Number of protein chains: 2
Amino acid sequence: MPSSEVPDIVIGRMPIYLRALRFMAAAGQEITSSHELGQRLGISSAQIRKDLSHFGEFGKQGTGYRISHLQDQIKRILKVEQEWEVALIGIGDLGHAIARYGGFADRGFRITLLFDSDPAKIGTRIDNLEILDVARLKEIVAERRIKIVMIAVPAQAAQQVADLCIEAGVKAMLNYAPITLTAPEGVRVQHSDPVAYLQRMTYYL
Amino acid sequence: MPSSEVPDIVIGRMPIYLRALRFMAAAGQEITSSHELGQRLGISSAQIRKDLSHFGEFGKQGTGYRISHLQDQIKRILKVEQEWEVALIGIGDLGHAIARYGGFADRGFRITLLFDSDPAKIGTRIDNLEILDVARLKEIVAERRIKIVMIAVPAQAAQQVADLCIEAGVKAMLNYAPITLTAPEGVRVQHSDPVAYLQRMTYYL
DNA sequence: TAGATTGTTAATCGATTAACAATC
DNA sequence: TAGATTGTTAATCGATTAACAATC
């Protein structure tokens with residue numbers, strides 16, 4: 001039975017499920033079960049069924065889930081059947097790698113704007129996409145109604161860039177700078193800090 | 001009172017605390033409180049005090065925490081007062097960016113080995129570090145007793161590379177490929193999939 | 001001292017798991 | 001049909017929060 005208040009931790013697992021389904025589909029598999037999915041992800045089958053039950057009934061007793069159908073449903077839930085335009089700010093080594101990364105296209109995203117503050121980079125192109133002056137960020141992002149950005153600028157510039165984005169109407173930010181960004185209610189932030197991940201693992205070594 | 005079984009979710013927040021303390025220290029601040037830290041991170045002050053209490057008593061009633069002292073303590077807890085050698089496998093755009101990233105050094109990690117399978121890359125150097133043949137990964141990683149790797153190879157090669165690493169004695173893997181890796185008990189895996197993060201946010205848009 | 005903040009306890013809240021009727 | 005697996009309920013487990021004595 002669909003609920004109006006799905007826990008965020010459940011939302012966080014949906015992309016993981018989608019990624020696993022995608023992998024199975026790529027291998028030609030057509031059907032899976034909560035048990036198989038759980039085994040592969042290190043999650044209990046009960047949790048997977050419970051998670052999915054927040055949104056509806058997608059399986060069949062006795063057989064399991066049609067992979068293509070479940071993929072479609074989760075994509076719809078996460079709103080990634082459509083393609084979102086994303087702006088990328090900061091075209092250093094990492095920004096460059098992100099800009100050239102081919103893995104966004106068929107998972108719901110497309111980088112359509114690049115920004116940097118370095119005059120030597122502004123006006124140059126990556127895969128035919130021009131690097132724009134970050135001074136024009138607010139204006140352009142607002143005009144294009146961009147809702148999602150990735151921030152790959154140095155730590156000391158990250159909050160400032162985030163604030164600009166927020167003023168321009170951005171609602172989701174993926175931050176690569178090693179600093180916790182603050183944002184008002186209604187604007188979501190995800191942090192991707194490799195060192196934090198590594199530190200989390202060294203505890204157990 | 002230090003406990004022998006600290007929840008993993010608490011371990012996961014420690015690097016976040018460390019990152020915030022680092023930021024405050026860089027700004028010249030010497031003292032902080034659970035309230036200030038919590039405000040900055042969007043976490044309740046009670047949670048921060050509770051988290052820290054798993055490991056000991058690091059503050060002073062009435063005044064708060066000496067930032068440098070708390071940093072030292074958390075570094076010790078996470079075992080990052082020392083510097084860990086890290087191997088990086090897959091020197092594409094992303095691997096290249098990671099290899100050149102300067103943010104590891106003073107947070108407990110140093111990339112000392114680079115691997116790729118492309119003959120055109122093998123033998124070339126990035127910042128004076130030679131790219132080695134992935135065929136020699138198992139041998140070299142085992143001999144050097146490397147415990148931590150970052151995997152930045154294409155999705156279809158990631159599990160195979162992970163298996164090699166595990167055989168070589170690796171205990172912690174940070175995976176950038178968009179696939180959930182499986183590893184035996186005792187080997188920790190963290191996934192960094194930008195698309196999964198983005199998908200998690202689009203739900204709320 | 002008075003004010004502030006810690007560390008800790010107990011209560012609350014929420015998430016996970018086990019179990020099973022329903023049913024394909 | 002017999003076997004398998006879902007969706008859901010209730011129980012368990014664990015994490016967060018509120019409150020406050022201790023104390024700097």
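A quick note: this is a predicted structure, and the numbers were derived from the prediction, not measured. Naming: A, B, ... by sequence-line order, numbering from 1 per chain.
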Using residues 103-115 of chain B as the side-chain source, report each donor-acceptor pair under 3.5 Å to any protein atom, sequence neighbours left out, with the distance given to one decimal.
residue  : atom : partner  : partner atom : Å
B:Asp106 : OD2  : B:Arg22  : NH2          : 3.0
B:Arg107 : NH1  : A:Asp193 : OD1          : 3.3
B:Arg107 : NH1  : A:Asp193 : OD2          : 3.4
B:Arg107 : NH2  : A:Asp193 : OD2          : 2.8
B:Arg110 : NE   : B:Glu83  : OE1          : 2.7
B:Thr112 : OG1  : B:Glu85  : OE1          : 3.1

Open item on the list: Atom CZ of residue position A:Phe23 - does it have more than 12 heavy atoms of other residues, nucleotides or ligands inside 6.0 Å?
Closed with: no

Open item on the list: Quick check with a 6.0 Å cut-off and a 45 degree axis cone: is A:Lys60 positioned over the face of A:Tyr65's six-membered ring?
Closed with: no

Task: Partners meeting salt bridge (charged side-chain N to carboxylate O under 4.0 Å, His left out) with B:Glu143 (sequence neighbours left out) - done: none

Open item on the list: Among residues at least two apart in sequence or on other chains, which ones pass salt bridge (charged side-chain N to carboxylate O under 4.0 Å, His left out) with B:Asp72?
Closed with: none

Please list every donor-acceptor pair under 3.5 Å in which a side-chain atom of residues 151-161 of chain A meets a protein atom from a residue at least two apart or in another chain.
residue  : atom : partner  : partner atom : Å
A:Gln159 : OE1  : A:Thr182 : N            : 3.0
A:Gln159 : NE2  : A:Asp163 : OD1          : 2.9
A:Gln159 : NE2  : A:Thr182 : O            : 3.1

Task: Rounded distance in Å - CD1 (A:Ile11) to P (C:dA15) - done: 11 Å

Open item on the list: Tell me which residues in residues 30-50 of chain A lie within less than 4.0 Å of DNA chain D, going by non-hydrogen atoms.
Closed with: A:Ser33, A:Ser34, A:Arg49, A:Lys50

Open item on the list: At a heavy-atom distance below 4.0 Å, what parts of residues 64-76 of chain A sit against DNA chain D?
Closed with: A:Gly64, A:Tyr65

- [ ] Report the residue (A:Gln61 or B:Phe58) whose heavy-atom-nearest nucleotide on DNA chain C is the more 5′ of the two.
- [x] B:Phe58

Task: Qualifying side chain to side chain donor-acceptor pair (under 3.5 Å) pairs with a residue from residues 168-180 of chain A, counting only residues at least two apart or across chains - done: A:Thr180-B:Arg19

Open item on the list: Which residues pass the salt bridge (charged side-chain N to carboxylate O under 4.0 Å, His left out) test with B:Arg136, not counting sequence neighbours?
Closed with: B:Glu139

- [ ] Please state how far atom CD1 in A:Ile9 lies from atom C1' in C:dG14, giving the value in whole angstrom units.
- [x] 10 Å

Open item on the list: Can you give me the dot-bracket string for DNA chain D, 5' to 3', counting Watson-Crick and G-U wobble pairs with both distances under 3.5 Å, using [ ] for crossing pairs and | for partners on another strand?
Closed with: ..||||||||||||||||||||||

Task: Rounded interatomic separation in angstrom, taking NE2 from A:His54 and P from D:dG7 - done: 13 Å

Open item on the list: Side chain of A:Arg13 only, heavy atoms from C-beta on: which candidate in C:dT16, C:dG7, D:dT8 is closest?
Closed with: C:dT16

Task: Residue list, salt bridge (charged side-chain N to carboxylate O under 4.0 Å, His left out) with A:Lys138, at least two apart or on another chain - done: A:Glu167

Task: Rounded distance (Å) that lies between atom P of C:dG7 and atom CZ of B:Phe55 - done: 13 Å

Below 3.5 Å, can you tabulate the donor-acceptor pairs from side chains in residues 25-36 of chain B to any protein atom, sequence neighbours excluded?
residue : atom : partner : partner atom : Å
B:Gln29 : NE2  : B:Ile31 : O            : 3.0
B:Gln29 : NE2  : B:Glu36 : OE1          : 2.8
B:Gln29 : NE2  : B:Glu36 : OE2          : 3.0
B:Thr32 : OG1  : B:Glu36 : OE1          : 2.4
B:Ser33 : OG   : B:His35 : N            : 3.4
B:Ser33 : OG   : B:Glu36 : N            : 3.1
B:Ser34 : OG   : B:Arg49 : NH1          : 3.1
B:His35 : NE2  : B:Gln39 : OE1          : 3.2

Task: Partner set under side chain to side chain contact (heavy atoms under 4.5 Å, CB included) for B:Asp51, not counting sequence neighbours - done: B:Val10, B:Arg13, B:Tyr17, B:Gln47

Task: Rounded interatomic separation in angstrom, taking CD from A:Glu57 and P from D:dT6 - done: 12 Å

